[in-house]
Amino acid sequence: MENKALYVLAGYDSQTEEYLSGIQEKLYAQGFSGVHTKGIPMHMTLGSFPTDMEEKLKKLVTSTAESTAPFDVTFNHVGIFDGANVLFAAPDVNHDVLALKEKFGDSKNWTAHTTFLIDSPEVIYKALPAVMQEFKAFGGKVISLHMYEFFPTRHILTVGLKAIRGGQD
């Protein structure tokens, strides 16, 4: 059974990463584990692609990073979707978010979000109060693009957006 696909993810600056992953880690510490992929940076998924597009997609990720400046995002809310199987924080949609998403596919029927937990609705409902105790509206920054293959997880590429070449954020 072939379940592999390539994914392009928008990554955050270290403060945003630390804040969002801190909330997720508190969920884990309370016994919530979920079925989502672990050990990858917090992110917004920008698109999924067939595995035979790897070389073409590497070029698109690199050229997009070279032509896109880091940009601010504001996280004002937490949400649940996909039949109550996904608990997430969502940045407000702005021009920069949509323009980046459109480089990797249509944004119609797409919700910008960063997943905290994927599990059954019963587990998501139990986890929601723990997230809401920790979550406060905050500003972050998108600074990089990641490319992964799932499943199993294979990191392919991380490229900083144009203003942060050199790896510092």
* Could you please spell out the steps behind the salt bridge (Lys or Arg N to Asp or Glu O under 4.0 Å) verdict for Lys126 and Glu122? => CA-CA 6 Å; Lys126 288 178 185 172; Glu122 297 78 24; over 6 Å; no

* To do: Check whether any side-chain heavy atom of Phe116 lies under 4.5 Å from a side-chain heavy atom of Leu20, and answer yes or no.
  => yes

* Asked: Do Arg154 and Glu54 sit within salt-bridge range, that is, some charged N less than 4.0 Å from a carboxylate O?
  -> yes

* Smallest separation among heavy atoms of Asn85 and Pro121, with atom names -> OD1-CD, 3.1 Å

* Asked: Side-chain contact, heavy-atom cut-off 4.5 Å: Val8 with Phe49?
  -> yes

* To do: Kindly determine whether Thr64 and Leu145 satisfy side-chain contact (heavy atoms from CB on, under 4.5 Å), including the steps that lead there.
  => CA-CA 9 Å; Thr64 299; Leu145 296 176; 4.0 Å; yes

* Distance, nearest 0.5 Å, that separates OG1 of Thr153 from NZ of Lys38 -> 10.5 Å

* Asked: Should Tyr19 and Met42 be counted in the same cluster of Ile, Leu, Val, Met, Phe, Trp and Tyr side chains packed under 4.5 Å apart?
  -> yes

* So do Asp96 and Val142 actually touch side chain to side chain, heavy atoms under 4.5 Å? -> no

* **Aromatic centroids of His113 and Phe81 separated by under 6.0 Å** => yes

* 4.5 Å side-chain heavy-atom contact, Met44 and Thr114 -> yes

* Could you walk me through whether Leu128 and Met132 pass side-chain contact (heavy atoms from CB on, under 4.5 Å), step by step? => CA-CA 6 Å; Leu128 182 59; Met132 295 313 298; 3.9 Å; yes

* Flag the pair His146 / Pro41 as yes when at least one side-chain heavy-atom distance between them is below 4.5 Å, and no otherwise. => yes

* Find out if a path of hydrophobic residues (ILVMFWY) with successive side-chain heavy-atom gaps under 4.5 Å connects Phe151 to Ile156. => no

* Structure fact -> For Ile124 and Ala84 the tightest heavy-atom approach is CG1-O, 3.3 Å

* To do: Decide whether Thr115 and His36 meet the rule of one side-chain donor and one side-chain acceptor closer than 3.5 Å.
  => no

* To do: Please tell me if the side chains of Pro152 and Lys4 come closer than 4.5 Å, counting only heavy atoms from C-beta onward.
  => yes

* Asked: What distance do Lys136 atom NZ and Ile23 atom CD1 have between them, rounded to the nearest 0.5 Å?
  -> 9.0 Å

* So if you build clusters from Ile, Leu, Val, Met, Phe, Trp, Tyr with side-chain heavy-atom gaps below 4.5 Å, do Leu9 and Val93 land together? -> no

* To do: Please answer: with hydrophobic residues joined when any side-chain heavy atoms are less than 4.5 Å apart, are Val86 and Ile80 in the same cluster?
  => no

* **Minimum heavy-atom distance between Tyr7 and Phe150, given as atom pair plus value** => CD1-CD1, 3.3 Å

* To do: Group every Ile, Leu, Val, Met, Phe, Trp and Tyr by side-chain heavy-atom contacts under 4.5 Å, then state whether Leu60 and Leu161 land in the same group.
  => yes

* **Heavy-atom neighbours of Lys59 NZ exceed 12 at 6.0 Å** => no

* Does Ile118 offer a backbone N or O that forms a donor-acceptor pair with the side chain of Asp82 under 3.5 Å? -> no

* Asked: Donor-acceptor pair, Asp13 side chain versus Lys141 backbone, under 3.5 Å?
  -> yes

* Evaluate the side-chain proximity of Asp92 to Val73: yes if any heavy-atom separation is below 4.5 Å, no if none is. => no

* side-chain contact (heavy atoms from CB on, under 4.5 Å) between Val97 and Phe71, intermediate numbers included -> CA-CA 8 Å; Val97 169; Phe71 58 89; 3.7 Å; yes

* To do: Could you tell me if the ring centre of Phe75 sits under 6.0 Å from that of Tyr12?
  => yes

* Asked: Measuring from Thr37:OG1 to Tyr148:OH, what's the distance to the nearest 0.5 Å?
  -> 10.0 Å

* To do: Grab the two heavy atoms, one from Leu100 and one from Ala10, that are nearest each other, plus how far apart they are.
  => CD2-CB, 4.1 Å

* **Rounded distance (nearest 0.5 Å) linking atom NZ of Lys101 with atom OG of Ser107** => 7.0 Å

* Identify the two heavy atoms, one from Tyr28 and one from Ser33, that lie closest to each other, and give their separation to 0.1 Å. => CE2-O, 3.9 Å

* Does atom NZ of Lys26 have more than 12 heavy-atom neighbours, drawn from other residues, nucleotides or ligands, at distances under 6.0 Å? -> no

* Is there a donor-acceptor contact under 3.5 Å from the side chain of Glu149 to the main chain of His155? -> no

* Structure fact -> For Leu6 and Met53, the nearest pair of non-hydrogen atoms, with its separation, is CD1-C, 3.9 Å

* Side chains of Phe88 and Leu117: closer than 4.5 Å at any heavy-atom pair? -> no

* Asked: Given the rule in the side-chain contact (heavy atoms from CB on, under 4.5 Å) test, do Leu46 and Trp110 qualify, once you have shown the distances and angles that lead to the verdict?
  -> CA-CA 9 Å; Leu46 300 174; Trp110 174 77; 4.2 Å; yes

* Supply the atom-to-atom distance Leu27 CG to Asp119 CG, rounded to the nearest 0.5 angstrom. => 10.5 Å

* Step through the shown structure and confirm whether more than 12 heavy atoms of other residues, nucleotides or ligands are within 6.0 Å of CD on Glu18. => no

